[in-house]
Structure formats: C-alpha cells, structure tokens
Chemist: 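Quick one: the structure is below, questions incoming.
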Amino acid sequence: MPTESESPLDRLWQEYGAVFRDFDDLTLARWMAQTLGQVEGRAWRLSHPLIGAYRLAAQLAHDRQIWLKRLATPPAAYGEASCCRAPLLPLLTRDVLEAGLVCQHCSGTSVPFEEIPTHLQGAVRKWAEEYNPVHAVAHWEDDQRKSAKDYDRAFEEAARRAERLLARAGKEIAPKFLDSYPAIVWEDQDECLEVRPEDIPL
C-alpha cells in the first residue's frame with residue numbers, strides 16, 4: 001500500500017521495478033552483469049531507459065547484497081566501488097564537489113571529489129562552481145526574489161543557463177571520464193529549475 005509521502009512518480013517507478021523483484025538472485029546478477037557489458041564504453045544520460053532499468057535493478061540488488069554473493073562476474077573493466085563493493089558505475093551530478101561521483105547501487109559516494117582523476121578535477125570544479133549559483137535561483141528566499149524585481153524572468157534565465165551547462169556536462173565533461181572508468185552516467189535534468197531531459201539536446 002503506497003504511503004502518503006510517495007509521489008505518483010515514485011509509485012510508477014515502484015511499478016517498473018516489480019519485474020526485478022520477481023527475479024531470483026542468480027537471474028538478477030546475470031542480468032546486471034550482462035547490462036554492464038552493454039553500457040561499457042559510453043557516457044549515458046541518467047534519463048536513458050536502459051540506465052533507468054539498471055538503476056532499479058541495482059537498488060534491489062544492493063538490498064539483497066547480490067554483488068557480495070559473487071553469483072555472476074561483472075565485465076573485467078569495472079572496478080569495485082569502495083562504498084558498497086558493487087561494480088563501479090559512477091554518476092556525475094551538480095553536487096560533485098560535495099558528493100563526488102555517486103554510486104548507482106547504494107546512492108553513496110563511490111568516488112570522492114579528491115579521488116577523481118587529477119587531470120579532470122579542474123574542469124569538473126569549474127563546471128560545478130558555475131552551476132551552483134544557477135541552481136540556487138530555484139531556492140532563493142523571499143528577500144532575494146524581491147530584490148530581483150522580476151523573479152520569473154530570473155528563474156527562466158537560470159533554467160536556460162542550466163540547460164546549457166548540463167549539455168556541456170554531457171558533451172564535454174562526462175566523455176573525458178571514459179579514460180578512467182568503463183562507463184559513466186551524467187545527470188541530464190534539474191527538477192528544481194523545471195529542466196527536463198528533453199530540454200538538453202546533444
């Protein structure tokens with residue numbers, strides 16, 4: 001029975017994830033290992049259906065500790081995430097300076113910012129520091145909104161800038177991680193600024 005705190009979208013994703021709950025542990029482990037092989041070698045949008053399906057399976061697998069049971073062997077290119085020992089499939093988000101690269105399995109920090117390859121840290125830091133004040137517009141207090149005179153216009157401009165910055169992350173920054181990781185996922189939306197994946201053309 002759904003709880004009051006669950007949004008319609010949360011309930012929909014729970015429905016999507018039902019198929020994986022019917023998998024036994026071995027089937028789930030094999031499906032995930034095969035899917036990791038399919039995603040290898042690319043930078044993926046977080047909104048991509050294949051990544052969405054993998055994330056649903058990964059969360060269930062984390063709850064069942066599938067990777068710790070060693071029921072299937074992930075592709076050799078994937079190292080082990082230090083946070084939960086699942087195969088390392090990192091997620092690049094706007095919170096990278098604080099949260100590092102996020103684990104698709106446990107949602108913890110899989111790679112702290114200071115452990116991101118040194119040659120990428122400068123570009124990632126510059127991008128995140130540029131993004132932070134843009135995102136902050138969605139969370140302005142009343143006095144900040146009043147001082148802007150036309151908050152709606154400021155919000156729209158922030159959304160347009162967020163679209164450009166997210167597109168830059170997908171086109172320029174995320175692919176550079178493929179020299180260090182077999183695959184990476186990048187966040188292609190900003191719900192607070194009402195930026196959707198379809199607003200980010202590549």
Side-chain angles (χ1 to χ4, degrees), residues 9-121 123-124 166 169-189 197 200 202:
L9 183 60
D10 291 336
R11 291 194 294 272
L12 182 62
W13 278 100
Q14 286 181 12
E15 178 187 329
Y16 291 160
V19 65
F20 296 113
R21 287 193 293 275
D22 293 337
F23 285 11
D24 60 48
D25 288 358
L26 180 59
T27 302
L28 182 60
R30 287 177 171 170
W31 186 91
M32 294 181 67
Q34 182 177 17
T35 304
L36 284 171
Q38 297 299 318
V39 303
E40 189 175 329
R42 289 184 56 185
W44 293 84
R45 287 174 176 266
L46 181 62
S47 66
H48 193 286
L50 183 59
I51 297 302
Y54 185 83
R55 290 179 70 221
L56 286 170
Q59 291 163 6
L60 180 61
H62 177 68
D63 291 342
R64 293 189 193 172
Q65 298 188 333
I66 293 293
W67 292 112
L68 300 182
K69 295 176 183 177
R70 304 289 185 230
L71 298 173
T73 304
Y78 289 86
E80 190 174 83
S82 60
C83 48
C84 64
R85 297 176 54 199
L88 177 57
L89 178 61
L91 168 65
L92 173 66
T93 73
R94 65 178 177 268
D95 298 320
V96 63
L97 297 181
E98 300 82 27
L101 301 177
V102 178
C103 179
Q104 295 294 287
H105 299 86
C106 71
S107 299
T109 297
S110 59
V111 181
F113 179 79
E114 58 273 13
E115 294 178 16
I116 288 174
T118 308
H119 67 283
L120 295 175
Q121 287 185 16
V124 172
L166 289 170
K171 286 179 189 174
E172 300 173 16
I173 297 174
K176 293 178 181 176
F177 280 88
L178 296 176
D179 292 334
S180 305
Y181 305 105
I184 189 163
V185 181
W186 58 279
E187 190 174 37
D188 63 343
Q189 62 186 345
I200 316 296
L202 294 182

Chemist: Answer yes or no: is there a side-chain heavy-atom contact under 4.5 Å between Asp188 and Leu166?
Modeler: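 Side chain of Asp188 against side chain of Leu166, heavy atoms only: no contact under 4.5 Å found.
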
Chemist: Please confirm whether the backbone N or O of Trp67 pairs with a side-chain atom of Arg70, one donor and one acceptor, at under 3.5 Å?
Modeler: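 Yes; judged by distance alone, with no hydrogens or angles, the pair exists.
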
Chemist: State yes or no: are the ring centers of Phe177 and Trp186 separated by less than 6.0 Å?
Modeler: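 Here the rings of Trp186 and Phe177 have centres that are no less than 6.0 Å from each other.
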
Chemist: Could you go step by step and tell me if Arg45 and Leu202 meet the side-chain contact (heavy atoms from CB on, under 4.5 Å) rule?
Modeler: CA-CA 10 Å; Arg45 287 174 176 266; Leu202 294 182; 3.6 Å; yes

Chemist: Measure the spacing between CG of Leu88 and CG of Leu101 and express it to the nearest 0.5 Å.
Modeler: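 Between Leu88 CG and Leu101 CG, I get 8.0 Å after rounding to 0.5 Å.
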
Chemist: Side chains of His105 and Pro87: does their closest heavy-atom pair fall under 4.5 Å?
Modeler: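 In contact.
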
Chemist: What are the two closest heavy atoms between Ala183 and Leu89, and how far apart are they?
Modeler: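 Taking every non-hydrogen atom into account, CB-CD1, 3.7 Å.
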
Chemist: Checking the side chain of Gln121 only, and the main-chain atoms of Ile116 only, is there a donor and an acceptor separated by less than 3.5 Å?
Modeler: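 The answer is yes, because a donor-acceptor pair under 3.5 Å joins these two groups.
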
Chemist: Report the C-alpha separation of Gln104 and Leu91 in whole Å, then their side-chain angles, then the decisive distance to 0.1 Å, and conclude whether the side-chain contact (heavy atoms from CB on, under 4.5 Å) test is met.
Modeler: CA-CA 7 Å; Gln104 295 294 287; Leu91 168 65; 3.1 Å; yes

Chemist: Is there side-chain contact between Tyr16 and Pro49, with at least one heavy-atom pair below 4.5 Å?
Modeler: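 Of all side-chain heavy-atom pairs linking Pro49 with Tyr16, none is under 4.5 Å.
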
Chemist: Show the nearest heavy-atom pair for residues Pro74 and Ala33, with the distance to one decimal.
Modeler: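 Here Pro74 and Ala33 meet closest at CA-CB, 4.2 Å.
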
Chemist: Of all heavy-atom pairs between Leu28 and Ala57, which one has the smallest distance, and what is that distance?
Modeler: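 Answer, listing the atom of Leu28 first, then Ala57: CD1-CB, 3.9 Å.
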
Chemist: CZ of Arg64 to CZ of Phe20: how many Å apart, nearest 0.5 Å?
Modeler: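 The distance works out to 11.0 Å.
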
Chemist: Any chance CZ of Arg21 has more than 12 other-residue heavy atoms, nucleotides or ligands included, within less than 6.0 Å?
Modeler: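 Enclosed.
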
Chemist: Can a donor-acceptor pair be found, under 3.5 Å and without considering hydrogens, that links the side chain of Tyr78 to the backbone of Leu36?
Modeler: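 A pair under 3.5 Å: yes.
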
Chemist: Rounded to the nearest 0.5 Å, what's the gap from CG on Leu97 to CD on Glu114? Could you check?
Modeler: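 One gets 10.5 Å once the value is rounded to the nearest 0.5 Å.
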
Chemist: Near Glu80 CD, under 6.0 Å, is it more than 12 heavy atoms from other residues, nucleotides or ligands?
Modeler: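 Yes, CD of Glu80 has more than 12 neighbouring heavy atoms, counting only those of other groups under 6.0 Å.
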
Chemist: Once rounded to the nearest 0.5 Å, what's the spacing between atom NE2 of His62 and atom CG of Leu60?
Modeler: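 Atom-to-atom, His62:NE2 and Leu60:CG are 11.0 Å apart.
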
Chemist: Sub-3.5 Å donor-acceptor pair from the side chain of Lys176 to the main-chain atoms of His119, do we have one?
Modeler: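 Between the backbone of His119 and the side chain of Lys176 there is no qualifying donor-acceptor contact (under 3.5 Å).
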
Chemist: Closest approach of Ala99 and Thr109, non-hydrogen atoms and distance?
Modeler: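 Closest approach of Ala99 to Thr109, heavy atoms only: O-OG1, 2.8 Å.
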
Chemist: Looking only at atom types and distance, does a side-chain atom of Asp95 sit under 3.5 Å from a main-chain N or O of Glu98, one as donor and one as acceptor?
Modeler: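 No, Asp95 side chain to Glu98 backbone: no donor-acceptor pair under 3.5 Å.
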
Chemist: Can you tell me how far apart CG (Leu71) and CG (Leu26) are? Round to the nearest 0.5 Å.
Modeler: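 Going from CG on Leu71 over to CG on Leu26, the span is 6.0 Å.
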
Chemist: Report the distance from atom CE of Met32 to atom CD1 of Ile66, rounding to the nearest 0.5 Å.
Modeler: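 If I round to the nearest 0.5 Å, the distance is 8.0 Å.
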
Chemist: I'd like to know if the side chain of Trp44 reaches the main chain of Val39, judged simply by a donor and an acceptor atom lying under 3.5 Å from each other, with no hydrogens or angles considered.
Modeler: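 A pair under 3.5 Å: yes.
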
Chemist: Hey, does Cys84 have a side-chain heavy atom less than 4.5 Å from the side chain of Cys103?
Modeler: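 Yes. Closest side-chain heavy atoms under 4.5 Å.
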
Chemist: So which heavy atom on Ser110 is nearest to which on Pro90, and how close?
Modeler: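 Taking Ser110 first and Pro90 second, the nearest heavy atoms are OG-CB, 4.1 Å.
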
